[in-house]
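Values below: all heavy atoms of this structure, side chains included; hydrogens, waters and symmetry mates excluded.
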Amino acid sequence: MKSPAWQRKAGKSASGGLNDKGRASAKAEGMNLKPPVKAGDNPRRASFLARMGNMPGAEKKPNGEPTRLSLSLKAWGADSKADARAKAKAISARNDDSKGLVRKAMDRDGN
């Protein structure tokens, strides 16, 4: 019996992460995976970049090719693990600031 597509090359994107077939096979096993958020201040993007920016391991294989980790970071809009950590911090700070503005407006309006 074949392993699910998300575990095989058929379900992996050459540019990093999973392709549609990989996400579909993961969903069939009860997972809820969504495509990468490449830009913007989405909290899911900040979480992914923070988590993957702190993963152990090299960004390049001994032969110079990028690792799956590096490819995934690029798919989410980061050039390196350090860049991912910096972007995650900045996105989180902007999201926290916008929440503060909403709270101030609600306090001002008496809600």
What distance do [X] atom [atom1] and [Y] atom [atom2] have between them, rounded to the nearest 0.5 Å?
X: Glu65; Y: Ser70; atom1: CD; atom2: OG; value: 11.5 Å
X: Arg68; Y: Met52; atom1: CZ; atom2: CE; value: 10.5 Å
X: Asn19; Y: Lys9; atom1: CG; atom2: NZ; value: 12.0 Å
X: Lys2; Y: Ser25; atom1: NZ; atom2: OG; value: 11.5 Å
X: Leu49; Y: Lys87; atom1: CG; atom2: NZ; value: 7.5 Å

For a quick test of reading the model, state the closest non-hydrogen atom pair linking [X] to [Y] and the distance between them.
X: Ala88; Y: Ala50; answer: CB-N, 3.5 Å
X: Arg23; Y: Leu33; answer: CD-O, 3.8 Å
X: Asn42; Y: Ile91; answer: O-CG2, 4.1 Å
X: Pro36; Y: Ala75; answer: CB-O, 3.8 Å
X: Pro66; Y: Leu71; answer: CG-CD2, 3.9 Å
X: Thr67; Y: Ala58; answer: OG1-O, 3.2 Å

Under 3.5 Å donor-acceptor, Arg85 side chain and Asn54 backbone
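Such a contact is absent between Arg85 side chain and Asn54 backbone.
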
Is a donor on one side and an acceptor on the other found under 3.5 Å between the side chain of Ser47 and the backbone of Pro43?
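Flag not set: sc Ser47 to bb Pro43 has no pair under 3.5 Å.
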
Is Leu73 close to Asp79 at the side-chain level, that is, under 4.5 Å between some pair of heavy atoms?
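They are not in side-chain contact.
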
State, yes or no, whether a side-chain contact exists between Met31 and Trp6 at a heavy-atom distance under 4.5 Å.
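Heavy-atom side-chain distance check passes, below 4.5 Å.
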
Atom NZ of residue position Lys12 - does it have more than 12 heavy atoms of other residues, nucleotides or ligands inside 6.0 Å?
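It does: Lys12 NZ has more than 12 such atoms within range.
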
